[in-house]
Amino acid sequence: MCAFFLLPHLYIFTKFAQNFVAMEYNFSEIEKKWQNYWKDNSTYKVEIDKSKPKCYVLDMFPYPSGAGLHVGHPLGYIASDIYSRYKRLCGFNVLHPMGYDSYGLPAEQSAIQTGQHPAVTTTKNINRYREQLDKIGFCYDWSREVRTCDPKYYKWTQWAFIQMFNSYYDNDADKAKPIAELIAKFEKNGSSVNAASSESLSFTASEWNSYHEKRKQSILMNYRIAYLSDTRVNFCPKLGCVLANDEISEGLSIRGGYPVEQRVMRQWSLRVSAYAQRLLDGLDHLDWSDSLKETQRNWIGRSEGTEMKFKIKGLDVDFEIFTTRADTIFGVTFMVLAPESDYVEKVTTKEQRAAVDEYLAAVKRRTERERLADRKVTGVFSGSYAINPLTNEEIPIWISDYVLSGYGTGAIMAVPAHDSRDYAFAKHFNLPIIPVIEGCDVSEESFDAKDGIMTNSGFLNGKNVKEAIAATKVYVKEHNLGRVKVNYRLRDAIFSRQRYWGEPFPVYYKDGVPYVMDEKSLPLELPEIENFLPTASGEPPLGHAKNWCTQEGYPYELNTMPGFAGSSAYYLRYMDPSNNNALVSHEANDYWQNVDLYLGGTEHATGHLIYSRFWNKFLFDLGVVCKDEPFQKLINQGMIQGRSNFVYRIKDTNKFVSYNLKDQYEVTPIHVDVNIVSNDVLDLEAFKNWMPDYKNAEFVLEDGKYICGWAVEKMSKSMFNVVNPDLVVERYGADTLRLYEMFLGPLEASKPWDTNGIDGVHRFLKKFWSMFYNNDQLNVSEDNLTAEELKSLHKLIKKVTFDVENFSFNTSVAAFMICLNELSSLKCNKKEALETICILLAPFAPHISEELFHALGHNTSVCDAQWPKYDESYLKESTKKYAISFNGKVKSTMELPADMSKEDVEKTVVSSETVSKILAGKEIKKIIVVPGKIVNIVF
RNA sequence: GCCGAAGUGGUGGAAUCGGUAGACACGAAGGACUUAAAAUCCUUUGAACAGAAAUGUUCGUGCGGGUUCAAGUCCCGCCUUCGGUACCA
């Protein structure tokens with residue numbers, strides 16, 4: 001009996017406790033619940049729906065590295081997720097896919113080191129990425145996932161290559177056309193075609209028709225958009241492979257420290273340069289930042305200039321130079337050839353041979369980047385002289401690595417008086433400097449400016465620079481000394497890699513001549529091999545593959561494609577990911593068109609973003625896609641930098657001194673794992689367990705705490721400053737992570753990750769939750785909103801709408817906080833307001849919004865609600881607070897009617913007591929009234 | 001070197017069109033509640049000087065100049081940091 005009486009008490013107590021716990025903001029339960037709900041209901045699956053306008057929001061897909069995601073990765077994903085959810089709430093049919101750029105060097109390096117197959121590593125990494133991404137609650141339609149290493153995907157990468165191989169660029173039509181059309185032209189008219197080519201060839205129709213197959217193929221190679229040619233690479237003989245500039249430091253490979261040299265190799269290239277002008281023009285219509293457009297413009301580097309022929313004294317060769325400053329031709333005092341120039345052989349005299357060879361050997365050891373970055377002046381005299389075509393003067397020909405073979409003609413006319421690099425060279429080798437612009441002083445430095453009046457310049461004297469350039473062009477043309485030419489800095493893309501983990505080329509060799517495979521037999525799958533190193537004979541890893549040849553026994557290409565191959569058209573594949581008959585169907589492409597918003601880092605500005613545009617334009621020429629630009633709007637999210645923490649070890653001890661006391665000792669700063677530091681306070685026990693060395697560490701504390709120092713550095717394992725998003729999600733929830741990443745600062749700025757502020761946004765979410773629940777009960781009022789509440793709410797709607805449209809997510813989070821602060825001080829728990837905020841907050845914090853939206857009685861997802869509209873009439877202010885300033889300094893404020901005229905404001909202010917007090921009888925010289933804002937009185 | 005971006009309190013940042021610099025948040029200090037802790041709530045918080053206080057004065061947006069009634073914002077010249085620089089992705 002006794003027990004029976006006691007039970008109800010106990011029951012009530014536990015029931016109460018349970019409810020109390022359940023009704024607290026239990027993010028982990030809520031997030032799991034709604035992630036499952038979205039999955040079960042395919043909430044984020046999207047299909048073509050012609051009744052709705054489309055919106056395509058794309059993230060740059062990640063390379064799944066072994067380190068997993070750190071908190072920097074999701075920054076852009078969260079921003080694009082917010083935008084996607086916002087557009088959906090506004091009634092758009094939103095395509096928001098995700099996939100993996102899964103071919104690449106790290107997986108291959110890891111295979112070499114650990115023996116684990118890159119496919120295994122990659123799959124493992126992808127699964128890890130997916131697990132991490134899923135926890136953050138993104139609205140990706142995963143049914144559209146693509147992986148660049150999947151044969152079903154790279155079939156279309158190979159297909160595109162075949163199209164490029166089978167196309168040439170018609171300069172008259174300004175588009176790519178089938179190579180068959182070019183052949184027809186050759187058969188009819190010979191080489192007189194206006195087509196993009198590696199070198200200009202000359203043959204008649206009958207000559208063409210008489211050529212053998214092999215010769216014809218070699219000529220066609222000169223025109224194909226995907227073509228084979230000799231290119232210069234950084235080769236490391238010891239590693240047996242080509243290295244990126246990044247993999248080399250001071251002439252040695254970073255891996256192993258072996259010597260690297262410049263070597264010529266026969267490689268596939270893509271004729272991106274044919275598209276240079278279109279890539280430039282296309283920028284005008286894109287909604288990209290000016291700085292990014294500027295970067296691309298500089299990269300493409302269009303310059304209009306003159307190509308001029310110089311004769312060489314005593315030799316029957318003349319060579320061409322390119323210059324944008326034809327006007328300075330009378331100031332030429334020497335010529336410079338790039339060390340790689342074909343002319344070097346021809347102009348080097350016997351006497352200079354040894355010196356030139358020595359110089360060339362030294363240059364071979366330096367990468368292009370080192371050559372450009374280095375200010376040291378080096379060079380060697382070739383022994384020959386060129387003849388200035390205008391003055392007939394003899395000028396020495398030098399060889400120097402500040403001239404690059406890849407740009408222009410690989411030879412320059414040096415005008416030391418008016419070019420700083422030529423000037424440095426002339427000073428160093430004591431060559432003459434002749435100024436050709438009136439009144440300039442070249443005793444200390446060159447005069448590079450393009451203005452002034454010409455002097456020392458024969459028929460150009462008295463003209464200004466602009467006129468002189470034009471006059472020289474005319475002269476050069478008339479005297480057959482050269483031609484006017486547009487030059488681009490943009491080079492063709494080298495498309496071969498001597499690696500395993502990449503797309504195989506759909507190419508086989510017959511009698512040494514490359515042929516592409518039949519499209520129907522695609523994909524050509526990457527063969528299994530066991531050794532990922534180059535073969536003993538120096539061939540790429542695919543040389544190890546067994547039976548790597550066609551059925552007829554013709555060997556396949558041993559190179560594979562580079563990283564950018566798979567990432568150049570992936571955005572098209574998302575539109576129609578499982579289509580086995582086309583890269584993308586016309587129907588899907590017609591509907592989705594191109595990407596409305598593309599989000600990614602600036603590091604892709606000149607790589608991926610040029611290649612993708614090129615690739616898309618090529619497909620546009622083929623009629624495969626309907627838009628000639630892939631990414632209409634582009635936003636670069638900033639880098640998340642690491643915030644490292646330091647402990648200070650007293651010299652020769654195992655004793656660590658707190659930050660503010662460290663100056664009293666001789667200390668060494670040591671990186672400490674940021675995950676055992678909270679608000680810069682070190683967890684002493686965790687530190688002792690962190691590494692065996694610190695097990696017996698002693699501490700000198702301040703106020704009982706160990707305070708760590710800090711610094712902003714790159715986020716990396718070696719700095720112990722990597723923060724994993726999973727840990728943040730576990731501790732605070734995905735909604736807090738999302739909100740905090742946005743609150744951290746402007747999307748486009750790079751900023752350090754600092755967990756210190758995360759409590760603020762977490763408190764905000766708890767506060768929002770507590771506005772719905774009072775103890776264990778949902779406590780929401782049905783009352784109408786007051787004018788003040790309406791104003792606060794509509795201010796929020798207006799601000800968030802504006803901010804999301806402008807990708808200013810940090811300020812929209814602040815706006816939410818302001819609104820909640822206002823409503824809670826008004827003790828507002830009215831449904832009308834809370835429901836609206838739920839919808840506004842849903843793109844930012846989808847889980848809590850979904851939970852509370854349902855708590856308010858809805859049984860459909862908040863994702864399908866309608867974005868609220870603000871009503872300007874609630875926002876009207878009857879009065880305005882004017883700042884009253886004197887000579888620009890604000891001294892007081894005044895509350896005046898909002899609709900008061902400028903004149904009345906002036907009158908009221910001038911006649912006011914405060915103003916006359918401050919003026920103290922001084923005379924007013926001028927009054928400026930800015931309506932609604934400020935009055936400035938000048939005295 | 002070249003190209004691009006950025007520098008604002010102890011910290012992250014706000015100021016959207018040249019118009020009250022420091023919104024919002026963190027941290028810190030003090031207080032309330034609690035046996036205590038956590039959580040929550042309240043107050044203060046750019047610096048210097050003066051004042052018992054209300055408050056006032058001056059300085060202040062990397063540095064040096066300039067334009068303007070008015071500059072974090074525009075112009076010129078520097079410094080520092082970050083990204084790219086063509087095979088890392």
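By convention in this document, chain letters (A, B, ...) are assigned in the order of the sequence lines, proteins followed by strands, and residues within each chain are numbered from 1.
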Atom pair distance, as rounded to whole Å: CG in A:Asn806 and P in B:C17: 10 Å

Rounded distance (Å) that lies between atom C1' of B:U85 and atom CD of A:Gln296: 14 Å

Donor-acceptor under 3.5 Å (A:Tyr258 side chain, A:Pro237 main chain): no

Sugar-phosphate, base or nothing in reach of A:Val233, heavy atoms under 4.0 Å: base

Heavy-atom side-chain contact between A:Ser102 and A:Ile126 under 4.5 Å: yes

Span that lies between the P atom of B:G72 and that of B:G19, in whole angstrom: 10 Å

Distance-only side-chain donor-acceptor flag, A:Ser644 / A:Asn721, under 3.5 Å: yes

Selected nucleotide, minimal atom distance to A:Pro746 side chain, candidates B:A89, B:A14, B:C24: B:A14

Nucleotide of B:G19, B:U20, B:G27 approaching A:Lys881 most closely (side-chain heavy atoms): B:U20

Phosphate OP1/OP2 of B:U85: any A:Arg489 side-chain N/O under 4.0 Å: no

Sugar-phosphate only, base, or nothing, as touched by A:Phe802 at under 4.0 Å among non-hydrogen atoms: base

Polar pair under 3.5 Å, donor/acceptor by atom type, side chain A:Asn756, base B:C26: no

A:Lys751 vs B:G12: side-chain N/O to OP1/OP2 distance below 4.0 Å: no

Anti or syn - B:C17, cut at 90° from 0: syn

Sugar-phosphate only, base, or nothing, as touched by A:Ser770 at under 4.0 Å among non-hydrogen atoms: nothing

A:Tyr25 side chain reached by A:His762 side chain, heavy atoms, under 4.5 Å: yes

Side-chain (A:Arg497) to main-chain (A:Ile494) donor-acceptor, under 3.5 angstrom: yes

Value in whole Å for how far the P atom of B:U40 lies from CG of A:Asn821: 13 Å

Span that lies between the C1' atom of B:C82 and that of B:C26, in whole angstrom: 24 Å

Spacing of A:His604 atom NE2 relative to B:U85 atom P, expressed in whole Å: 10 Å

Which nucleotide in B:C87, B:A14, B:C3 has an atom nearest any side-chain atom of A:Thr811: B:A14

Side chain of A:Gln641 - closest among B:G4, B:C24, B:C82: B:C82

Among B:G19, B:A23, B:U11, the one nearest A:Ile818 by side-chain distance: B:A23

Distance between C1' atoms of B:G46 and B:G27 (Å, rounded): 15 Å

Between B:A54 and B:U80 - C1' atom distance, rounded Å: 44 Å

Donor-acceptor side-chain pairing of A:Tyr402 and A:Asp422 below 3.5 angstrom: yes

Side chain of A:Leu490 - closest among B:C69, B:G4, B:A86: B:A86

Separation of atom CD1 in A:Ile934 from atom C1' in B:U20, rounded to whole Å: 6 Å

Sugar-phosphate, base or nothing in reach of A:Gly563, heavy atoms under 4.0 Å: nothing

A:Asn936-A:Lys926 side chain donor-acceptor pair, cut-off 3.5 Å: no

Structure string for RNA chain B in dot-bracket form, Watson-Crick and G-U at under 3.5 Å, | interchain: (((((((..(((......[....)))((((((.......))))))(((((....)))))..(((((..]....))))))))))))....

Closest-nucleotide ordering on RNA chain B, the 5'-leading residue of A:Thr755 and A:Asp803: A:Asp803

Spacing of A:Leu270 atom CG relative to B:A86 atom P, expressed in whole Å: 17 Å

Rounded distance in Å - CG (A:Asp759) to P (B:A28): 10 Å

pair A:Tyr732-A:Leu737: side-chain heavy atoms closer than 4.5 Å: no

Test item: side-chain donor near acceptor, A:Gln498 and A:Gln267, under 3.5 Å: yes

Toward the 5' end of RNA chain B, by each residue's nearest nucleotide, A:Gly888 or A:Arg499: A:Gly888

Within-4.5 Å side-chain heavy-atom neighbours: A:Tyr500 and A:Thr560: no

Rounded distance in Å between the P positions of B:U61 and B:A25: 26 Å

side-chain N/O A:Arg491 vs B:A86 OP1/OP2, d < 4.0 Å: no

A:Ala244, nearest nucleotide to its side chain (from B:C87, B:G4, B:A21): B:C87

Minimum-distance nucleotide (side-chain atoms of A:Thr602 versus B:G13, B:G4, B:G83): B:G83

Sugar-phosphate only, base, or nothing, as touched by A:Gln498 at under 4.0 Å among non-hydrogen atoms: base

Distance, C1' atom - from B:G9 to B:C24, rounded to whole angstrom: 15 Å

A:Val938 side-chain proximity, nearest of B:C69, B:U57, B:A89: B:C69

Lys NZ or Arg CZ of A:Arg613 over A:Trp288 ring: under 6.0 Å, within 45°: yes

N or O in side chain of A:Lys827 less than 4.0 angstrom from B:C41 OP1/OP2: no

B:G51 versus B:U58 - spacing of their C1' atoms, nearest Å: 15 Å

Length of the CD1-P vector between A:Ile928 and B:A70, whole Å: 8 Å

Under-4.0 Å side-chain N/O to phosphate OP1/OP2 contact, A:Asn810 with B:A14: yes

Any A:Asn245 side-chain nitrogen or oxygen under 4.0 Å from OP1 or OP2 of B:A86: yes

Phosphate contact (B:G27 OP1 or OP2) by A:Arg763 side-chain N/O below 4.0 Å: yes

Donor-acceptor pair under 3.5 Å, A:Glu603 side chain vs B:C82 base: no

Residue A:Pro106, side-chain heavy atoms: nucleotide from B:C82, B:C88, B:U57 that is nearest: B:C88

Separation between the P atoms of B:U11 and B:A48, rounded to whole Å: 15 Å

